[in-house]
Amino acid sequence: MSLQNDLTQKVIEAVKQLYEVDLPTVEFQPTRKDFEGDITVVVFPMLRQIKGNPVQIGTKIGEYLVEHVEDVSKCNVVQGFLNIVIADSYYLDFFNSILDDTDFGYVKSQSDDAVMVEYSSPNTNKPLHLGHIRNNLLGYSVAEILKASGKKVYKTQIINDRGIHICKSMLAWQKFGKGETPESSGLKGDHLVGKYYVAFDKAYKEQIAELVEAGTPKERAEKEAPILLEAQGMLRKWEAGDDEVVSLWKKMNGWVYYGFDTTYKNLGVDFDTLYYESDTYLLGRDVVKDGLERGVFFKKEDGSVWIDLTEDGLDEKIVLRSDGTAVYMTQDIGTAIQRVTDYPDINGMVYTVGNEQDYHFKVLFLILKKLGYSWAEQLYHLSYGMVDLPSGKMKSREGTVVDADDLIKNMEDTAESISQELGKLDGYSEEEKKKLYRTIGLGALKYYILKVDPKKRILFNPEESVDFQGNTGPFIQYTYARIQSILRKADNVRSSAVETSLDLHEKEKELLKQIQLFPETIQLAAENFSPALIANYTYDLVKEFNSFYQQVSILGETDEQKKNFRVQLSQKVGEVIQAAFRLLGIDVPERM
RNA sequence: GGUCGCGUAGCUCAGCUGGAUAGAGCAUCUGCCUUCUAAGCAGACGGUCGAAGGUUCGAAUCCUUCCGCGAUCACCA
């Protein structure tokens, strides 16, 4: 970073000296692998100010730099590109400066402003599936990246624990459950409740079919099926605070929460604070009433309240029903305000929600801005594409989902069978092995999902398993384990600063360059809310290391200085891999 | 129909705030384990960057139009 700033100054200085022209900026890019050099100045843009041949101009600037800048050892010009070779000592100085920084890349100080990251936010009537996994991994990772970039972060979720969908599960359990509990059946709580959600749907469809058979039009049958009416009645009772319904609701939700906690724990995600829809669904109405008085909203004849967003290129949107009850939007307005009240240092929120809600969040953010909240400028919808199956969309009701718990188990099993085939785990206890299979299996899954741009939809084919070779989590974990193996064998090498007169191997230099990019990569990932940038960075680093490992002997090096440096360099690469993967929520193994 | 997103190698994806001959992995084919872990390394094969125009010294990248896929446009959440 500082090198580029330095060079910018020097190039401007050179041009001033040589051509008496003040350049506003200088354009840099990393030098392509096929040319000699570390960093390249693009000469073309200068032609606007300097008349002449780009090759000549480049050559002259290059000569000036070699003469006047210590860290520039050589230059060459190809077409309009001035390739600059940076001295080895510069890279070794850099290496020495980060030697003791075990958290290299992370910003240590923390801003006073906090950002709240919401993710997961499931319904409590069915278990988590692959779509939730993408959501969870993204939200968790973005939160960790923001932290590493120096932000204070609160992780949260809103649990959709009320509404007609919950009543469906409850009703079906009452009707068909015969008192089944997680304890009595051995079923995980969320799966048990999900089972009755499916049972409801089955019964509902049967009733519709019967009604249609008896001559009722389909549309009416869908609205009048007795079991649906019953569920709606149950919702009314719930809202009225009926003891029996509320206690059933609490009981079944308890089962689900317990099940979710297990899945979250397995996935390795966590939350700092929780919000429940049952607590927040009434929020926001006062805000709307207040906004109505201030003219932000307007009332229609039937009493419903709307906001007119046509000037902003959007439509009119309802914010309060004619009977005065809240809609989804009302609730989200209220919840956002509630959060800032609960945590006054919040200045920004990230909502991890699928791209089907793009419009909703556009409207929500606009409304909050119009209501005049300063933090409304700092809201971000972390929108991601759906995870589809070859058969189409996942649908819980129809059982066409990739269940989160099953998938995790599946990945662990695959990791186990590959590990056993390779058979490198002599001396590991069963318990250690199990832990390792989990690390690798989850590493494969998490990396697979996080390495792709969140905006893109993912087509997941359960028939084809997630890869363990190439650009994958296990590949990177493997490299980490390799490094640890070297470090175990090199315990006589002491940690000490490296002599900067050392000649660097080409691969060593490439590694140092890549390590140097880590801090700015974290910042970039934070600005773009993109774990994929971290994943791609890590992959490049690891590829570079493996190439180095292959070409250069580390422990076999006879020159003690060099050996010492290579061991420490390997160690640093290991630290960066670990730090980067921590941002993705992926563990690294000592052996594999 | 309006709006938003996506379209890069057979498949999965990088690159997109404009720069050199568009990069990886998987798959297919060649080499490399008597030296630090072969879940690896080195190489071959594979591309009209959805299409056509435009801006520019220079376009996968920016603009326009069109095509394909997806989402969304409820007094559901």
Side-chain angles (χ1 to χ4, degrees), chain A residues 27 29 31-35 40 42-45 47-48 54 78-81 83 121 123 160 162-165 277 281 300 302-306 313-315 317-332 354-360 362-363 383-386 388 393 415 418-419 421-422 424 440 443-444 448 451-453 455-459 461 464 466-479 481-490 532-533 535-536 539-540 542-543 545-557 563 566-567 570 591-592:
Chain A
E27 203 176 310
Q29 58 181 323
T31 304
R32 282 184 66 106
K33 287 257 158 59
D34 350 342
F35 301 102
T40 294
V42 187
V43 181
F44 294 110
L47 297 179
R48 292 199 183 98
V78 180
Q79 294 172 31
F81 299 93
N83 302 321
S121 305
N123 289 338
N160 301 307
R162 59 147 235 124
I164 189 76
H165 52 282
E277 195 195 338
Y281 81 107
K300 288 200 177 173
D302 61 5
S304 57
V305 180
W306 297 70
L314 303 173
D315 298 325
K317 190 81 188 175
I318 189 163
V319 290
L320 216 53
R321 290 195 190 99
S322 51
D323 63 5
T325 56
V327 294
Y328 182 32
M329 190 61 74
T330 327
Q331 191 186 128
D332 270 2
N355 63 8
E356 54 197 356
Q357 309 260 7
D358 283 356
Y359 185 72
H360 173 77
K362 222 182 215 177
V363 173
S383 164
Y384 60 91
M386 296 289 103
D388 293 329
K393 255 192 131 159
I418 293 176
S419 291
E421 220 169 281
L422 294 171
K424 296 181 190 174
I440 298 171
Y448 172 82
K451 78 170 179 191
V452 316
D453 181 346
K455 283 200 296 288
K456 294 196 174 175
R457 64 193 202 110
I458 291 182
L459 190 72
N461 188 348
E464 299 166 18
V466 174
D467 274 331
F468 282 65
Q469 278 169 12
N471 187 359
T472 66
F475 166 71
I476 291 164
Q477 291 173 321
Y478 174 74
T479 304
R482 241 181 180 180
I483 291 171
Q484 301 319 303
S485 169
I486 291 171
L487 296 180
R488 279 192 296 272
K489 291 179 180 169
L533 294 177
N536 289 326
Y539 178 62
D540 288 340
V542 162
K543 270 190 65 136
F545 182 83
N546 279 327
S547 178
F548 161 74
Y549 177 90
Q550 183 69 23
Q551 275 192 36
V552 180
S553 181
I554 299 166
L555 297 175
E557 174 58 50
K563 178 176 167 186
R566 284 176 190 166
V567 170
S570 303
R591 284 175 57 180
M592 72 183 272

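All chains are named by letter (A, B, ...) in the order of the sequence lines, taking the proteins before the strands, and each is independently numbered beginning at 1.
Nucleic acid contact class of A/Y539 (heavy atoms, under 4.0 Å, all strands): sugar-phosphate only. Residue A/Q357 is in base contact, counting any heavy-atom pair closer than 4.0 Å across all strands shown. Nucleic acid contact class of A/R566 (heavy atoms, under 4.0 Å, all strands): none. If you check every strand for non-hydrogen atoms under 4.0 Å, A/P54 touches nothing. Across all strands shown, A/Q79 has no heavy atoms under 4.0 Å from either base or sugar-phosphate atoms. Among the heavy atoms of the strands lying under 4.0 Å from A/M592 is at least one base atom, whether or not backbone atoms are also near. When heavy atoms are screened at a 4.0 angstrom cut-off, A/N83 is found touching base atoms of the nucleic acid. Among the protein residues, A/Y359 comes within range of the sugar-phosphate backbone only, with heavy atoms under 4.0 Å from sugar or phosphate atoms but none that close to a base. Residue-level contact check: A/K424 touches the bases, meaning some heavy atom is under 4.0 Å from a base atom.
Aromatic ring pairs are classed by plane angle as parallel below 30°, tilted from 30° to 60° and perpendicular above 60°; the pair A/F81 and A/F44 is perpendicular.
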Derivation and outcome, salt bridge (Lys or Arg N to Asp or Glu O under 4.0 Å), residues A/R32 and A/D34: CA-CA 6 Å; A/R32 282 184 66 106; A/D34 350 342; 3.8 Å; yes

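Rounded to whole Å, the separation between the P atoms of B/G54 and B/G70 comes to 32 Å. Atom name P, nucleotides B/G58 and B/A39: the rounded distance is 50 Å, in whole Å. Straight-line distance between the C1' atoms of B/G40 and B/U35: roughly 15 Å, to the nearest whole Å. B/C67 and B/A60 have their P atoms separated by 24 Å, given to the nearest Å. Between B/A59 and B/U64, the two C1' atoms lie 15 Å apart (nearest whole Å).
For A/T40 and B/A20, a side-chain-to-base donor-acceptor distance below 3.5 Å is present, hydrogens and geometry of angles not being considered. Not a single donor-acceptor pair, N or O on each side, falls under 3.5 Å between the base of B/A39 and the side chain of A/T472. In terms of polar N and O atoms assigned as donor or acceptor, the side chain of A/D315 never comes within less than 3.5 Å of the base of B/A74 in a complementary pairing.
In terms of phosphate contacts, A/K362 brings no side-chain nitrogen or oxygen within less than 4.0 Å of OP1 or OP2 of B/U72. Not one side-chain nitrogen or oxygen of A/R488 sits closer than 4.0 Å to the OP1 or OP2 atom of B/U37.
B/C62 is paired with B/G54 under the Watson-Crick or G-U wobble criterion, all donor-acceptor distances under 3.5 Å. With a cut-off of 3.5 Å on both Watson-Crick or G-U wobble distances, the partner of B/A14 is given as none. For B/G5, the paired nucleotide is B/C69, the pair qualifying as Watson-Crick or G-U wobble because both relevant distances are below 3.5 Å.
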Check: protein-nucleotides 33-35 of chain B nitrogen or oxygen pairs below 3.5 Å:
none

